[in-house]
**Student:** 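Quick one: structure below, then a few questions.
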There are 2 protein chains.
Amino acid sequence: MSNSTPATIEDVARIAEVSIATVSRAIHMPEKVAKSTRLKVNQAIALTGYTTNAMARSLRLGRSNMILVVAPDIGDPNFSSILVGLENEARAHGYGVLIGHTQNDAQRGLEYLKFFNSYQAAGLILFTGILPFGHQAATASLPPSVGVFEPVFNGGIPYVGVDDVEGARKAVDLLISEGHRRIAFIGDSNTRLAYGRRRLGYEAGLAAAGIPLNRQMVLDGDGTVESGRLALEQLFMRDDLPTAFMCVNDQTALGVTLGLKARGYEIPDDFSVTGFDDVPQASFMTPSLTTVRQPRTAIGKHAMALLLDMLSDRAAPETEILLRPDLVVRNSVGPPPDGKKR
Amino acid sequence: MSNSTPATIEDVARIAEVSIATVSRAIHMPEKVAKSTRLKVNQAIALTGYTTNAMARSLRLGRSNMILVVAPDIGDPNFSSILVGLENEARAHGYGVLIGHTQNDAQRGLEYLKFFNSYQAAGLILFTGILPFGHQAATASLPPSVGVFEPVFNGGIPYVGVDDVEGARKAVDLLISEGHRRIAFIGDSNTRLAYGRRRLGYEAGLAAAGIPLNRQMVLDGDGTVESGRLALEQLFMRDDLPTAFMCVNDQTALGVTLGLKARGYEIPDDFSVTGFDDVPQASFMTPSLTTVRQPRTAIGKHAMALLLDMLSDRAAPETEILLRPDLVVRNSVGPPPDGKKR
DNA sequence: CTGGCCACTGTAAAGGTTTACATCATCATC
DNA sequence: GATGATGATGTAAACCTTTACAGTGGCCAG
């Protein structure tokens, strides 16, 4: 039963007294095989504990059942919950998940492209906003790919993410409903397309409330803690302070929060702060951060499903799947100090 | 140059005007090939952009260059930084990393065992304290495996982790040096071997300071937030409270912290608290948590290195590699309320 | 009875690689 | 100059699977 070498299709065929072709058919095209034969084959499979040799199969098919997932940094805590969605969906369809991380090194990205070819992976999931391969590879034809989290810059690659505009809109709407009218947007940047969309949501929210856009209230920032701190410093050098800070992501919000605390202010009594992403730390900050949640596991699931759909090429791939973000209301938002609501 | 179908070893052989055997040798046993030939082959490889077809190679060798990493939950934020170490080390040696997660479901564990065989993976990295496969598989011969984080119960599987005894010792020593003598240990349990070791460190620390072990001060707990809360309730139902809570992990410490805050106590003024693991949230708690850091990336690196060593079977595998844990001193520890030091 | 169709099954080739074995040239030794 | 050792290379089999094609037998219609 449990021999030293694993059972091959030939072992199964011998026991079931059929040819190996029939065994293969019984597995992959059961309707093409007589019921009685199918039964014999299944028994033989159970008896031998046979599992298809994926290597032989992939060699024959010229394509393996593996999906390569490449992120700039797999150590990012945001990454892991997406991975859950990706893996579950892949597994449910008989695919395996290979992972890699580039550390934003194009050289490493190219290595993964080689790796991809070597392992004949069926598809590619990209976490990077940019193609992790050098320009030469970018022009060449890419394997079936799906972007996650944010659009991939230079390639018509479909992507699955959150509706950034709507998410930002929810945050700004909350602030407005609390009575804020001077709301700063921190983290304007062209490093990430997602950031631009969040700003769009911010502007739309202001417009809907009839609040004119004040360009002085839009500050640069690349999404790091430091950038939040820095933007804050710039604002405090002027006269007209906002009453609320809407940050492009949670890191930035953390920077702002730390900066405000360092100046002796209380949140949300003196100022309100919102973030975006809902990183695991957000609920542990003091005060806990009101932010926009990325439905990470769902994003992963949809991304993998989309890729798998593309592989079995039914229908043209959508270019964009946007999931609805939820606002997570915690304790970093309140009415403005002079607000009427308190 | 970049054709539709990828170049095979035959293409390389034709261009280099040698046989495919020579090409294969030039790649894998360069010293067995004349220098001039090697040069021709390398040129041809560069010209064609040839990459070995890993499927064909694995089929021939009966073993692939893939390592399967199985965790109960890949969504665990602790997991990702280990993954970084694992992946880097694997990649450096030309191995790919496949991931899976069992969600503590034995059925799923078995699926991964099948998967392992099907993909002819070279080795297995286990995050589980128990073998994720049912008992039947446990008795069968396992592939080369390495445990990570904590010993694997039922199997003589080497593992890489942190020296739990030493880590706990550092935590208790800090508390003692601050003046604490009534120190509770929360999270005694046999669900995880690591927890038992941490208790050992706790006891050793007390003994070294000449503090008699008070069994009333050792409370059960399975490492969840709730278990921390629960243990606290139990303690408060007695007369003799400790001045410090040494928790078996950060989750438990969080539970204790929340419980103390709910009762209106200040940390570290009224009570001191320590954790273990240094999860990403620990620095965001209020007060930020003094805890023992697991060098996660290093653990991953060592685990993969050990596994790879075992595969090329030089030397017998060590059964245990314990890394030195560092104490991360933050703000949850101070002298006891009646302490002399303040 | 013949021919044709159908449902099922078998034969054999192909996919790309590694490696045992065979071959061949070269060179040192006596 | 014959012999054998050495080093470099080629030939061909094997790894396990899928699938095009061919074959078989049964059955029905003419």
Side-chain angles (χ1 to χ4, degrees), chain A residues 3-42 44-45 48-66 94 114-122, chain B residues 3-42 44-45 48-66 94 114 117-122:
Chain A
N3 242 346
S4 54
T5 58
T8 72
I9 200 172
E10 215 155 340
D11 300 326
V12 176
R14 198 175 324 110
I15 293 181
E17 296 178 307
V18 294
S19 73
I20 59 169
T22 301
V23 175
S24 179
R25 272 190 290 256
I27 297 173
H28 299 290
M29 325 141 89
E31 74 284 356
K32 290 260 177 194
V33 133
K35 208 167 191 174
S36 60
T37 317
R38 217 185 309 161
L39 207 73
K40 278 196 298 181
V41 171
N42 286 338
I45 289 179
T48 53
Y50 169 72
T51 328
T52 308
N53 181 321
M55 299 299 109
R57 174 165 221 266
S58 303
L59 174 59
R60 178 63 233 252
L61 261 40
R63 173 176 54 84
S64 79
N65 277 301
M66 291 184 276
K114 267 196 173 174
F115 183 75
F116 184 95
N117 288 326
S118 176
Y119 282 74
Q120 312 235 62
Chain B
N3 243 346
S4 54
T5 58
T8 72
I9 200 173
E10 216 156 338
D11 299 327
V12 176
R14 198 175 324 112
I15 293 181
E17 297 176 305
V18 295
S19 74
I20 59 169
T22 301
V23 175
S24 179
R25 273 190 289 255
I27 296 173
H28 300 290
M29 324 142 89
E31 74 284 357
K32 289 259 175 194
V33 133
K35 207 167 194 175
S36 59
T37 318
R38 216 184 310 160
L39 207 72
K40 278 196 297 180
V41 170
N42 286 339
I45 289 178
T48 54
Y50 169 73
T51 326
T52 306
N53 181 321
M55 300 300 108
R57 172 164 222 264
S58 303
L59 173 60
R60 177 62 232 253
L61 261 39
R63 172 176 53 84
S64 79
N65 277 301
M66 289 184 277
K114 267 194 174 177
N117 288 325
S118 177
Y119 282 74
Q120 312 235 60

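Quick note on labels: first sequence line is chain A, next is B, and so on, each numbered from 1. What you see below is based on every heavy atom in this structure, not just the backbone, and it leaves out hydrogens, waters and symmetry mates.
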**Student:** Considering only nitrogen or oxygen atoms on both sides, find all protein atoms under 3.5 Å from nucleotides 22-28 of chain C and state each distance.
**Tutor:**
none

**Student:** If the condition is salt bridge (Lys or Arg N to Asp or Glu O under 4.0 Å), which residues does B:Arg14 pass it with, not counting sequence neighbours?
**Tutor:** B:Asp11
**Student:** Excluding sequence neighbours, so at least two apart, what forms side chain to side chain contact (heavy atoms under 4.5 Å, CB included) with A:Asn117?
**Tutor:** none
**Student:** Tell me: CE of A:Met29 to P of C:dA7, nearest whole Å?
**Tutor:** 14 Å
**Student:** Check ring pair (Phe, Tyr, Trp, His ring centres under 6.0 Å) between A:Tyr119 and all other residues, then give those that pass, not counting sequence neighbours.
**Tutor:** A:Phe115
**Student:** Provide the full list of salt bridge (charged side-chain N to carboxylate O under 4.0 Å, His left out) pairs with a residue in residues 25-40 of chain B, sequence neighbours left out, each pair given once.
**Tutor:** none
**Student:** Check the distance between C:dG16's C1' and B:Asp11's CG and give it to me in whole angstrom.
**Tutor:** 11 Å
**Student:** OP1 or OP2 of C:dG16 less than 4.0 angstrom from a side-chain nitrogen or oxygen of A:Tyr119, does that happen here?
**Tutor:** no
**Student:** For B:Glu17, enumerate each residue passing the side chain to side chain contact (heavy atoms under 4.5 Å, CB included) test, keeping only those at least two apart in sequence or located in another chain.
**Tutor:** none
**Student:** If pairing requires Watson-Crick or G-U wobble contacts with both distances under 3.5 Å, which nucleotide is the partner of C:dC5?
**Tutor:** D:dG26
**Student:** Enumerate all atom pairs, one protein N or O and one N or O from nucleotides 8-11 of chain D, separated by less than 3.5 Å.
**Tutor:**
from: D:dT9; atom 1: OP1; to: B:Thr37; atom 2: OG1; distance (Å): 2.3
from: D:dT9; atom 1: OP2; to: B:Ala34; atom 2: N; distance (Å): 3.0
from: D:dT9; atom 1: OP2; to: B:Thr37; atom 2: OG1; distance (Å): 3.3
from: D:dG10; atom 1: OP2; to: B:Ser19; atom 2: N; distance (Å): 2.7
from: D:dG10; atom 1: OP2; to: B:Ser19; atom 2: OG; distance (Å): 3.0
from: D:dG10; atom 1: OP2; to: B:Thr22; atom 2: OG1; distance (Å): 2.6
from: D:dG10; atom 1: N7; to: B:Arg25; atom 2: NH2; distance (Å): 2.8
from: D:dG10; atom 1: O6; to: B:Arg25; atom 2: NH1; distance (Å): 3.1

**Student:** With sequence neighbours excluded, tell me which residues meet side chain to side chain donor-acceptor pair (under 3.5 Å) with A:Thr22.
**Tutor:** A:Ser19
**Student:** Between B:Ile27 and B:Ile45, does the side chain to side chain contact (heavy atoms under 4.5 Å, CB included) criterion hold? Intermediate values first, please.
**Tutor:** CA-CA 10 Å; B:Ile27 296 173; B:Ile45 289 178; 4.0 Å; yes
**Student:** Nearest 0.5 Å, what's the OG-CE distance between A:Ser24 and A:Met29?
**Tutor:** 8.0 Å
**Student:** Assess the residue pair B:Ile15 and B:Thr48 against the criterion (side chain to side chain contact (heavy atoms under 4.5 Å, CB included)); give the C-alpha distance rounded to whole Å, side-chain angles, the decisive distance to 0.1 Å, and a yes or no.
**Tutor:** CA-CA 9 Å; B:Ile15 293 181; B:Thr48 54; 3.5 Å; yes
**Student:** Give the table of side-chain donor-acceptor pairs shorter than 3.5 Å for residues 49-56 of chain B, with sequence neighbours excluded, one pair per line with atom names and distance.
**Tutor:**
from: B:Asn53; atom 1: OD1; to: B:Met55; atom 2: N; distance (Å): 2.8
from: B:Asn53; atom 1: OD1; to: B:Ala56; atom 2: N; distance (Å): 3.0

**Student:** Rounded to the nearest Å, what distance is computed from the CZ atom of residue A:Arg14 to the P atom of nucleotide D:dT17?
**Tutor:** 12 Å
**Student:** To the nearest angstrom, how far is A:Ile9 atom CD1 from C:dA14 atom C1'?
**Tutor:** 15 Å
**Student:** Round to a whole Å and report the spacing from CD of A:Glu10 to P of C:dG10.
**Tutor:** 13 Å
**Student:** With the threshold set at under 4.0 Å for non-hydrogen atoms, list the residues of residues 51-61 of chain A touching DNA chain C in residue-number order.
**Tutor:** A:Ala56, A:Leu59, A:Arg60
**Student:** Please report, rounded to the nearest Å, how far the P atom of D:dA20 is from the NE2 atom of A:His28.
**Tutor:** 14 Å
**Student:** Go through the structure and list residues passing salt bridge (Lys or Arg N to Asp or Glu O under 4.0 Å) with A:Arg63, not counting sequence neighbours.
**Tutor:** none
**Student:** Please give, in whole Å, the distance from C:dG16 C1' to A:Arg63 CZ?
**Tutor:** 17 Å
**Student:** Send over the distance from B:Ile45 CD1 to C:dG16 C1', rounded to a whole Å.
**Tutor:** 14 Å
